[in-house]
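Taking it in order: structure first as C-alpha cells, then the write-up.
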Amino acid sequence: MRKLIVLGFVGLLAQLIDGSLGMAYGVTSSTLLLAVGVAPAAASAAVHFSEIGTSLVSGFSHHKLGNVDWRTVLILAGPGFVGAFAGATFLASLDGDAAKPWVAALLLSLGVYVIYRFLVLGGRRPTFKARPSAGMLMPMGLFGGAMDSIGGGGWGPVGTTTLLSSGRLEPRKVVGSIDTSEFVVAVGGSLGFLLALGSQGILWGYALALLIGGVIAAPIAAYLVKIMPARVLGVAAGGLIILTNSKTILESLGATGATVAVAAAFLFVLWIAGITWAVKQERRTRALERQGVEVPAVPVV
C-alpha cells in the first residue's frame, strides 16, 4: 500500500511537470518503476496505461483553456499511434539504450536553441505566425511514438522540443497539443504491450496509482500553461530539455553519480536564473505597454 501511495504522488508530480512543460511524465514514472526492480517492458506498459487516463483529462483541460491547436493534433495523432504500437510490439526487442545518447544530443542542441531564441528577445514581444507543416509533423509523430514505447517516455521530449525550436506555435499551444495528442499515442502503445506481454504482464495496480495522481494534477498544469507568458514558458521548457538530456548524455559516457549530480545542480541554477530573467523581461514589457509605449514584436524562428 505504501508503494502505491508513493506512486500516486509520483504520478501527480510527473503530470504536473508534463502538463505544464510538455514532457517528463513517462521519463519520471518509468525511472521510478525501474528503480524498484520492475522490468523495462512492464514499466513502460504501466506508464502507457496510466497515460491513457492522464492524457485524456489533460487534453480536455488544455482544450477548455484554449491551449490546443487541433490541426497539429490531428496530423500528429495517426503517426504517433503507429509509432507507439510498433515500438511496443515489433521494436520491443531492440536496444533503445543504444540510441538514447544520440537522440539526447539532438534534443539537447534543440533545447539550447529554444533557450537562445527566447532569451535573445530581450524586452520585445514574441509572435508566432506560421504553423507546422504536415511534412514536419508526420515523421516527428512516428519517431516520437516509437521512442515513447521503446524508452518508456519520448513523446513529450521529441514533440515539444521540435515544435518549440521551430517557432511556429506559441509555447502554450505546443504543450497543449502535445499533451492532447499523447492520448492516441498512449492507446497505441498500450495495445502493443497487450499483444506483446498479455494482460498478465501488466502491473495494473501501479498503473492505477500513477493514473490517480496524474488526473488530479492535469487541470492544474493546464491552467499554469494558460497563464504563463510565452517567453517564460519557452525558457522553462527549454531548460528542462537541457537538464534531462544532459543527464542522459553524461550517464552514457560513464560519468559517476556524483558528477551527474554536480552537473545537474549547476544546470538547475542556470535554469532558474534564465526563468527569473525571463520573468523580469515580461514584467518590464508589460510596464511599458501600460504606459502606452509600443513594444516591438518579433517572430520566434
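Owing to the predicted nature of the structure, the values given are computational and were not obtained by experimental measurement.
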Query - Shared-cluster residues of L250, by chain and number - hydrophobic side chains joined below 4.5 Å - result: V260
Report summary line: Students should find that the hydrophobic cluster of V269, defined by side-chain heavy atoms under 4.5 Å apart, otherwise consists of none
Sidechain-backbone polar pair: [X] side chain, [Y] backbone, donor-acceptor under 3.5 Å:
{"X": "K173", "Y": "D69", "result": "no"}
{"X": "T54", "Y": "L211", "result": "no"}
{"X": "S190", "Y": "A186", "result": "yes"}
{"X": "W271", "Y": "A236", "result": "yes"}
{"X": "R172", "Y": "G66", "result": "yes"}
{"X": "S165", "Y": "T162", "result": "yes"}

Requested in this report: Would you indicate whether R71, at its atom CZ, is surrounded by more than 12 heavy atoms from other residues, nucleotides or ligands within a distance under 6.0 Å?
Outcome: yes
hydrophobic_cluster_shared for [Y] and [X], side chain cutoff 4.5 Å:
{"X": "L163", "Y": "V73", "answer": "no"}
{"X": "V215", "Y": "L224", "answer": "no"}
{"X": "Y223", "Y": "V57", "answer": "no"}
{"X": "V235", "Y": "L267", "answer": "yes"}
{"X": "Y206", "Y": "I212", "answer": "no"}

[atom2] on [Y] to [atom1] on [X], rounded to 0.5 Å:
{"X": "I115", "Y": "I275", "atom1": "CD1", "atom2": "CD1", "value": "8.0 Å"}
{"X": "S246", "Y": "F266", "atom1": "OG", "atom2": "CZ", "value": "10.5 Å"}
{"X": "N67", "Y": "H62", "atom1": "CG", "atom2": "NE2", "value": "6.0 Å"}
{"X": "I242", "Y": "T161", "atom1": "CD1", "atom2": "OG1", "value": "10.0 Å"}
{"X": "W70", "Y": "T180", "atom1": "CH2", "atom2": "OG1", "value": "5.5 Å"}
{"X": "I216", "Y": "Q15", "atom1": "CD1", "atom2": "CD", "value": "11.5 Å"}

Hey, are the side chains of [X] and [Y] touching, using non-hydrogen atoms and a 4.5 Å cut-off?
{"X": "L65", "Y": "V225", "value": "no"}
{"X": "L208", "Y": "F49", "value": "no"}
{"X": "R168", "Y": "R131", "value": "no"}
{"X": "V184", "Y": "L76", "value": "no"}

Shortest non-hydrogen separation from [X] to [Y] and the atoms involved:
{"X": "G59", "Y": "V68", "answer": "O-CG2, 4.4 Å"}
{"X": "F85", "Y": "L195", "answer": "CZ-CD1, 3.5 Å"}
{"X": "G141", "Y": "W155", "answer": "O-CZ3, 3.3 Å"}
{"X": "S61", "Y": "P219", "answer": "OG-CA, 3.6 Å"}
{"X": "L243", "Y": "A264", "answer": "CD1-O, 3.5 Å"}
{"X": "P132", "Y": "L169", "answer": "CD-CG, 3.8 Å"}

Requested in this report: Output, in order, the C-alpha distance, side-chain angles, deciding distance and verdict of side chain to side chain contact (heavy atoms under 4.5 Å, CB included) for M140 and V158.
Outcome: CA-CA 7 Å; M140 184 191 84; V158 171; 4.2 Å; yes
**Report entry** With S133 via side chain to side chain donor-acceptor pair (under 3.5 Å) - residues at least two apart
**Finding:** none
Query raised in the report: Will you find, in the side chains of D179 and S58, an N or O donor that is under 3.5 Å from an N or O acceptor?
Result: yes
